[in-house]
Amino acid sequence: MTSTFTDVQLDALRELANIGSGTAGTALSAMLGKPVDINVPKVAALPVPDAVEAVGDPSEPRWAVVVPTVGDLPGHVLLLFPQRDAVRLCELLGVPVDSEDGRSALGEIGNILGTSYINALAQMLGIDTEPAPPMVVCDMLGAILASVLLSGADADVALIMDSALVVEGEACELSFLLLPQGAAVGDLLGRLGL
């Protein structure tokens, strides 16, 4: 895997992600009624084919929340939860993950997380962008990514933020992918002067 960005640029993206995660943690804590801590230990900006490999085994089942974005940053936010962590998050809300209520709960969790990241980016960069309603799917990782890319995510580069989500002392895994249309990641860095 080859990053197309410098360490300084990735540090700037990591800082933006950490700001977004602080907001997301507060909102998610209010929803769950439990303490939530989120940090973003790993950030990568990779060509889409490399990003697909970086997020895991394509045959592994994952729950995904897809949040389209419109405005100055059109594209998609993709939040990926391993099965066990999706189950755990739904258990905290008292609903089974494979029910309509479970899908709705995951959609709302994904919406909170995705919107918090996007709003942090928009505020820091002075751009106007907003999320569209989320979609929740459960499928093999490769099928999810192929479906999102085929649905109009005309992305050259994917911004990947693997997040450590801790809910009331229990760790949950989460991968956050920003798939902006065209060369928007480079445009974001340009706004930061990088």
Side-chain angles (χ1 to χ4, degrees), residues 2-31 36-52 54-55 64-81 106-136 144-145 147-165 174-194:
T2 306
S3 173
T4 58
F5 298 96
T6 67
D7 288 341
V8 171
Q9 291 171 322
L10 291 175
D11 284 344
L13 292 171
R14 187 177 297 108
E15 185 56 31
L16 287 173
N18 279 322
I19 291 167
S21 69
T23 305
T26 300
L28 192 54
S29 178
M31 179 187 176
V36 173
D37 183 42
I38 305 172
N39 62 50
V40 184
K42 186 175 111 180
V43 173
L46 301 171
V48 170
D50 292 341
V52 171
V55 294
V65 180
V66 182
V67 183
T69 59
V70 295
D72 294 337
L73 185 62
H76 291 80
V77 169
L78 181 60
L79 297 119
L80 298 165
F81 301 92
L106 277 181
E108 189 55 32
I109 289 169
N111 195 37
I112 287 170
L113 294 170
T115 299
S116 296
Y117 285 126
I118 291 301
N119 287 344
L121 283 172
Q123 186 175 11
M124 293 284 293
L125 300 173
I127 60 175
D128 183 25
T129 194
E130 56 188 64
M135 299 166 280
V136 179
I144 292 168
L145 291 168
S147 180
V148 169
L149 292 171
L150 289 173
S151 72
D154 177 27
D156 294 334
V157 173
L159 177 59
I160 303 170
M161 294 178 273
D162 283 335
S163 301
L165 173 67
L174 165 68
S175 291
F176 172 98
L177 278 75
L178 175 60
L179 298 161
Q181 288 182 356
V185 173
D187 295 342
L188 293 178
L189 292 169
R191 287 179 177 268
L192 290 171
L194 298 171

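Just so you know, residue 1 is the first one in the sequence shown, and it goes up from there. Predicted model only: the values in this text are computed from it and were never measured. Side chains are part of it too, since the values below use all heavy atoms of this structure and drop only hydrogens, waters and symmetry mates.
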Write down the atom of Met135, the atom of Pro68, and the distance for their closest heavy-atom approach. CE-CG, 3.9 Å
Of all heavy-atom pairs linking Val67 and Pro134, the shortest is CG2-CB, 4.0 Å
Taking the side chain from Asp128 and the backbone from Asp72, do they hold a donor-acceptor pair closer than 3.5 Å? no
Just verifying a value: how many Å separate Leu73 CG and Thr129 OG1, rounded to the nearest 0.5 Å? 4.5 Å
Rounded to the nearest 0.5 Å, how far does CG of Leu178 lie from CG of Leu79? 10.0 Å
My understanding is that only one of Leu113, Val77, Ile38 makes a side-chain contact (heavy atoms from CB on, under 4.5 Å) with Phe176; could you say which? Val77
By side chain to side chain donor-acceptor pair (under 3.5 Å), Asp37 pairs with (sequence neighbours left out) none
side-chain hydrogen bond (donor to acceptor under 3.5 Å, both in side chains) pairs touching residues 116-126, sequence neighbours excluded, are Tyr117-Ser163
For Ala27, side-chain contact (heavy atoms from CB on, under 4.5 Å) partners two or more places apart: Ile112
Can you name the nearest heavy-atom pair linking Val65 to Gly107, along with the distance? CG1-O, 4.1 Å
Got a second to check how far Glu130's CD is from Thr69's OG1, nearest 0.5 Å? 10.0 Å
Pairs meeting criterion ring pair (Phe, Tyr, Trp, His ring centres under 6.0 Å) with involvement of residues 8-27, two or more places apart: none
The reported gap from CD1 in Ile160 to CG in Leu179 (rounded to nearest 0.5 angstrom) is 8.5 Å
side-chain contact (heavy atoms from CB on, under 4.5 Å) with Ala64: which residues, sequence neighbours excluded? Leu78, Leu80, Val137, Ile144
Heavy-atom side-chain proximity of Leu145 to Val55 below 4.5 angstrom: yes
Which residues share a side chain to side chain donor-acceptor pair (under 3.5 Å) with Ser175, sequence neighbours left out: Asp162
Spacing of CD1 belonging to Ile118 relative to CG belonging to Asn111, to within rounding of 0.5 Å: 11.0 Å
